[in-house]
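So the structure is just underneath, and the comments pick up after that.
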Amino acid sequence: MLDTTIRTAVLTPGSRCTYCGGPAGSVDHRIPACQGGTDDLENLVPACVPCNESKGGKTPDQWRESRLRAGKSWPPQWSLEQIRQDNNRQRRYAEHQRAERVRLFSGSRMRKLREGRKMPQEVLAQRTGFSLADIQSWEDGTSRPSVDQISRLSRILWARLDRFLASESLGERS
Ligand SMILES: [Zn+2]
């Protein structure tokens with residue numbers, strides 16, 4: 001799952017699908033991750049969910065060719081109703097994933113990661129801009145960071161976001 005800050009930067013309110021012009025409900029990697037595409041802003045574009053799913057792991061050129069070969073419309077055409085429904089489904093799924101990440105956050109895992117980096121709580125507070133009290137209470141399990149805060153911790157501690165989650169979530173893709 002993309003970092004929320006990046007997502008909101010790409011998916012501004014009212015943004016249109018790069019491919020069909022319909023209302024965008026997702027962020028597409030122009031060059032897909034499986035072909036070496038990155039999460040850099042230059043590689044991310046707003047797209048509707050039907051386009052995003054139809055494009056899958058293809059580049060825009062490969063996708064266009066495969067649609068034309070299969071006798072499908074180019075640019076893609078979807079009914080507005082279908083785009084809306086699929087965009088809403090995607091949004092609900094993203095909200096669910098965010099809530100799960102917060103629910104499964106493990107303070108003891110965060111502490112292990114931080115100690116593995118030999119970074120005192122004070123230094124982590126300084127580098128993230130979070131208060132020392134917050135960092136202590138997250139590690140003690142008395143409160144939980146938001147998804148955005150977990151993303152920031154994962155960048156500063158140089159660890160994948162899912163390493164901060166309880167083992168229940170291991171094996172989850174993305
Ligand atoms: Zn589209």
Side-chain angles (χ1 to χ4, degrees), residues 1-106 128-130 144-174:
M1 193 195 203
L2 278 176
D3 183 81
T4 321
T5 324
I6 299 179
R7 224 185 121 77
T8 29
V10 179
L11 214 53
T12 51
S15 56
R16 316 295 293 183
C17 174
T18 306
Y19 306 108
C20 75
S26 67
V27 174
D28 178 54
H29 290 78
R30 281 184 77 85
I31 308 298
C34 61
Q35 296 198 43
T38 65
D39 285 354
D40 294 338
L41 272 179
E42 310 86 78
N43 191 42
L44 300 173
V45 291
C48 72
V49 176
C51 280
N52 206 333
E53 287 180 351
S54 164
K55 180 171 171 283
K58 302 184 188 73
T59 65
D61 284 347
Q62 292 165 346
W63 179 39
R64 179 174 45 81
E65 278 162 30
S66 82
R67 282 190 68 88
L68 291 175
R69 258 202 315 275
K72 293 176 178 163
S73 58
W74 188 265
Q77 290 173 339
W78 319 101
S79 77
L80 199 54
E81 187 51 31
Q82 186 188 359
I83 295 179
R84 285 213 179 103
Q85 277 177 11
D86 288 355
N87 284 356
N88 284 340
R89 176 171 54 78
Q90 170 81 9
R91 186 175 46 75
R92 282 194 302 271
Y93 178 71
E95 279 164 9
H96 169 75
Q97 291 284 88
R98 287 168 63 84
E100 274 296 276
R101 294 208 148 113
V102 172
R103 189 178 73 80
L104 291 171
F105 176 82
S106 158
T128 53
F130 301 146
R144 286 177 176 153
S146 69
V147 174
D148 292 342
Q149 290 169 326
I150 302 174
S151 297
R152 181 148 184 80
L153 289 170
S154 90
R155 281 196 300 276
I156 304 290
L157 288 173
W158 226 196
R160 283 168 52 101
L161 199 143
D162 60 11
R163 304 237 0 241
F164 291 83
L165 308 184
S167 54
E168 189 183 339
S169 70
L170 287 184
E172 179 196 334
R173 58 185 282 269
S174 155

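Because the structure is a prediction, the values reported are computed rather than measured. Counting starts at 1 for both ligands and their atoms, in listed order. Because only heavy atoms are used, hydrogens play no part in the values below, and waters and symmetry mates are left out as well, while side chains stay in.
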Atoms of the protein (N/O/S only) found under 2.8 Å from the Zn ion (ligand 1): Cys17 SG, Cys20 SG, Cys48 SG, Cys51 SG

Asp148: partners by side-chain hydrogen bond (donor to acceptor under 3.5 Å, both in side chains), with sequence neighbours left out: Thr4

Distance-only check: which donor-acceptor pairs under 3.5 Å involve side-chain atoms of residues 13-25, not counting sequence neighbours?
residue : atom : partner : partner atom : Å
Ser15   : OG   : Thr12   : O            : 2.8
Arg16   : NE   : Gly21   : O            : 2.9
Arg16   : NH2  : Gly21   : O            : 3.1
Thr18   : OG1  : Pro46   : O            : 2.7
Tyr19   : OH   : Asp28   : OD2          : 2.6

Spatial distance of atom CZ (Arg163) from atom OG (Ser154) [nearest 0.5 Å]: 11.0 Å

Side chain to side chain, Leu165 and Ser106, heavy atoms closer than 4.5 Å: no

side-chain hydrogen bond (donor to acceptor under 3.5 Å, both in side chains) partners for Thr38, two or more places apart: Asp40

Arg98 and Glu95 ion-paired at < 4.0 Å: no

